[in-house]
Amino acid sequence: MGNTVAARLKTLLGEIPPGERLVAVSKFHPAEAILEAYAAGQRLFGESRVQELLEKMPALPADIDWHFIGHLQTNKVRQIVGKVALIESVDSERLLRKIDEESRKVAVTTDVLLQLHVAEEETKFGFSPDELNVFVKSDCLKDCPNVRVRGLMAMATNTDEEKRVRADFRRAAAVFSEIKSEMGPFLPHFDILSMGMSGDWPLAVEEGANLIRVGSAIFGNRNY
Ligand SMILES: *Cc1c(COP(=O)(O)O)cnc(C)c1O
């Protein structure tokens with residue numbers, strides 16, 4: 001692994017199979033680091049905090065696509081609607097309805113992913129597979145024409161145990177395929193499966209991810 005952002009990005013891009021899209025997760029890293037990745041060709045970045053995203057955006061090129069990937073509070077939705085290309089972390093009906101409401105006010109359609117909880121940890125946000133299956137068939141999506149559900153985002157259990165991680169990704173991919181085949185006509189844009197981070201993206205790709213979210217392998221360790 002090289003020791004500059006550009007070198008690490010280049011290495012990573014060389015390893016990712018064609019057809020995969022990469023979100024460079026820049027949370028906790030300064031605008032200069034983002035510009036380094038931008039200069040190396042990266043245009044898709046991910047942030048997990050509203051305040052941090054809004055502080056960085058004005059200093060950076062307008063042709064960056066931002067993905068919001070963190071837990072989003074309903075009272076902050078208004079601040080990012082119309083500014084981000086995709087909200088990857090929709091974890092409740094209430095949040096989806098709020099995104100729809102704020103999108104309607106400014107006459108935009110907002111692309112979102114529904115966050116699926118498959119990991120062992122209790123602390124991670126998201127719908128369980130059962131909750132999600134019920135939710136996508138509920139009236140909520142029909143009630144929310146200013147939101148376009150583009151697919152699912154999932155995280156695996158935080159462990160070195162490859163079998164566990166792979167099982168989590170496989171489960172998420174199965175839920176994704178099931179929804180796609182059952183709900184296809186009602187969710188015509190349901191085509192994104194976002195999973196895999198620095199430590200586990202190769203497994204996620206093997207299990208069917210088409211969008212990966214990689215931070216520390218590009219930008220180095222974060223200083224929390
Ligand atoms: C921070 C974060 C990532 C990136 O994690 P790394 O281990 O640094 O690659 C991916 N997805 C989400 C939701 C995150 O919060």
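Whatever order the structure lists them in is the order used to number ligands and atoms, beginning at 1. Just so you know, residue 1 is the first one in the sequence shown, and it goes up from there. All values below were derived from every heavy atom in this structure, side-chain atoms included, with hydrogens, water molecules and symmetry-related copies excluded.
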Inset, instruction - Hey, could you give me each pair passing side-chain hydrogen bond (donor to acceptor under 3.5 Å, both in side chains) that has a residue in residues 193-204? Not counting sequence neighbours. - result: E88-S194, S194-R213, S198-S216

Inset, instruction - Would you check if L152 and L113 make a side-chain contact, meaning some heavy-atom pair closer than 4.5 Å? - result: no

Legend entry - Any N/O pair S48/ligand 1 closer than 3.5 Å: no

Legend entry - Per-atom contacts, ligand 1 versus V214 - under 4.0 Å to a heavy atom: 9 (O)

Inset, instruction - Mind checking salt bridge (charged side-chain N to carboxylate O under 4.0 Å, His left out) for R150 and listing every partner two or more places apart, or none if nothing turns up? - result: D111, D191

Inset, instruction - Enumerate the atoms of ligand 1 whose separation from the nearest heavy atom of R213 is less than 4.0 angstrom. - result: 4 (C), 9 (O), 10 (C), 11 (N), 12 (C), 13 (C)

Inset, instruction - Please answer whether the main-chain N or O of H29 pairs with a side-chain N or O of K56 as donor and acceptor at a distance below 3.5 Å. - result: yes

Inset, instruction - Would you mind running through ligand 1 and noting each atom that sits below 4.0 Å from a heavy atom of S198? - result: 6 (P), 7 (O), 8 (O), 9 (O)

Inset, instruction - Select one of side chain, backbone, both or neither to describe which atoms of K27 lie under 4.0 Å from any atom of ligand 1, heavy atoms only. - result: side chain

Legend entry - Polar atom proximity, G215 to ligand 1 (N or O, under 3.5 Å): yes

Legend entry - H189 and V149, any side-chain heavy atoms less than 4.5 Å apart: no

